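Here's the structure we're looking at; comments come further down.
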Amino acid sequence: QVQLEESGGGLVQAGGSLGLSCTASGRTDSLHYMAWIRQAPGKEREFVAAINWNAGGTGYADSVKGRFTISRDRTGTTVYLQMISLKPEDTATYYCAASRWSSKSWSTIQYDYWGEGTQVTVSS
């Protein structure tokens, strides 16, 4: 089992920046990917960014490329999402997710573990 705990989030004006972090505990050696997924009110969950737990490769949704950066600390237990140039359409609950499985594409990763989510609100 893996436990995920997010922190960060909050309210920011459009054009501003915000950072999220997710700390993993438990059987982290079993993980293949960690990712950020978001869900806006009335919408389905949307892939935002992912990082390969071992190799460190990263992938992003087109909507956030160039604005969001996913990274991992050297201990390998915390994943970050740095967000700049935020837009009102980035407003959502952001979930940290982890997967034990490989995937052919970033957007089709199947997640085994989820955090409780943290709210990001971008005002116009």
Side-chain angles (χ1 to χ4, degrees):
Q1 282 287 350
V2 173
Q3 295 77 42
L4 304 174
E5 184 173 359
E6 302 112 335
S7 60
L11 174 64
V12 65
Q13 288 188 334
S17 302
L18 209 56
L20 306 179
S21 62
C22 173
T23 300
S25 59
R27 287 292 309 275
T28 58
D29 58 327
S30 67
L31 297 179
H32 201 89
Y33 299 107
M34 283 190 70
W36 291 96
I37 309 296
R38 68 186 181 187
Q39 186 169 22
K43 295 187 177 181
E44 295 185 352
R45 286 186 175 181
E46 174 190 26
F47 168 78
V48 175
I51 186 166
N52 184 299
W53 193 245
N54 296 308
T58 58
Y60 298 91
D62 287 342
S63 59
V64 307
K65 278 181 183 176
R67 300 187 300 120
F68 290 12
T69 302
I70 188 171
S71 62
R72 195 185 79 183
D73 72 345
R74 291 183 179 182
T75 66
T77 58
T78 301
V79 172
Y80 304 96
L81 185 69
Q82 184 62 37
M83 305 178 289
I84 65 170
S85 302
L86 282 161
K87 305 174 182 180
E89 51 263 45
D90 294 318
T91 295
T93 300
Y94 283 69
Y95 297 92
C96 179
S99 172
R100 297 175 295 165
W101 312 106
S102 61
S103 176
K104 293 184 179 180
S105 71
W106 297 106
S107 60
T108 58
I109 297 170
Q110 299 297 308
Y111 299 100
D112 302 288
Y113 309 104
W114 294 83
E116 294 187 352
T118 185
Q119 180 66 34
V120 171
T121 303
V122 184
S123 62
S124 57

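Since the structure is predicted, the reported quantities are computational estimates derived from the model, not experimental observations. Position 1 is the first residue of the sequence; numbering continues from there.
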Work out which heavy atom in [X] is nearest to a heavy atom in [Y]; give both atom names and the distance.
| X | Y | result |
| --- | --- | --- |
| G9 | L20 | N-CD2, 3.1 Å |
| I109 | A50 | CD1-CB, 4.0 Å |
| F47 | G59 | CZ-O, 3.7 Å |
| S124 | A14 | CA-CB, 4.3 Å |
| A49 | Y60 | CB-CD2, 3.6 Å |
| C22 | M34 | SG-CE, 3.7 Å |

**Request:** Answer with yes or no whether the hydrophobic clustering places F68 together with V79; edges join I, L, V, M, F, W, Y residues whose side-chain heavy atoms lie under 4.5 Å apart.
**Result:** yes
**Request:** Check whether Y111 and I70 end up in the same hydrophobic cluster, where Ile, Leu, Val, Met, Phe, Trp and Tyr are linked by side-chain heavy atoms less than 4.5 Å apart.
**Result:** no
Separation of [Y] [atom2] from [X] [atom1] (nearest 0.5 Å):
| X | Y | atom1 | atom2 | value |
| --- | --- | --- | --- | --- |
| Y80 | S7 | OH | OG | 8.5 Å |
| D112 | Q1 | CG | CD | 9.5 Å |
| S25 | E5 | OG | CD | 8.0 Å |
| T77 | L31 | OG1 | CG | 11.5 Å |
| T118 | L81 | OG1 | CG | 11.0 Å |
| T69 | Q82 | OG1 | CD | 7.0 Å |

Just wondering, do [Y] and [X] contact through their side chains at under 4.5 Å, heavy atoms?
| X | Y | answer |
| --- | --- | --- |
| Y94 | E6 | no |
| E46 | I37 | no |
| W114 | C96 | no |
| T91 | Q119 | yes |
| L4 | Y95 | no |

**Prompt:** Should the pair Y33 and W106 be assigned to parallel (<30°), tilted (30 to 60°) or perpendicular (>60°) ring geometry?
**Reply:**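 Plane angle over 60°, so perpendicular.
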**Item:** side chain to side chain donor-acceptor pair (under 3.5 Å) against T78, all qualifying residues, sequence neighbours excluded
**Value:** T23
**Request:** Could you give me the CA-CA distance, side-chain angles and deciding distance for V12 and M83, then say whether side-chain contact (heavy atoms from CB on, under 4.5 Å) is met?
**Result:** CA-CA 11 Å; V12 65; M83 305 178 289; over 6 Å; no
**Message:** Please determine whether the number of non-hydrogen atoms from other residues, nucleotides or ligands lying under 6.0 Å from atom CD of Q110 exceeds 12.
**Reply:** no
**Request:** Could you list all the salt bridge (charged side-chain N to carboxylate O under 4.0 Å, His left out) pairs where at least one residue sits in residues 76-92, not counting sequence neighbours?
**Result:** R38-D90, R67-D90
**Asked** Among pairs that include at least one residue of residues 35-80, which meet disulfide bond (SG atoms under 2.5 Å apart), considering only residues two or more places apart or in two chains?
**Response**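 Listed by first then second residue: nothing to list.
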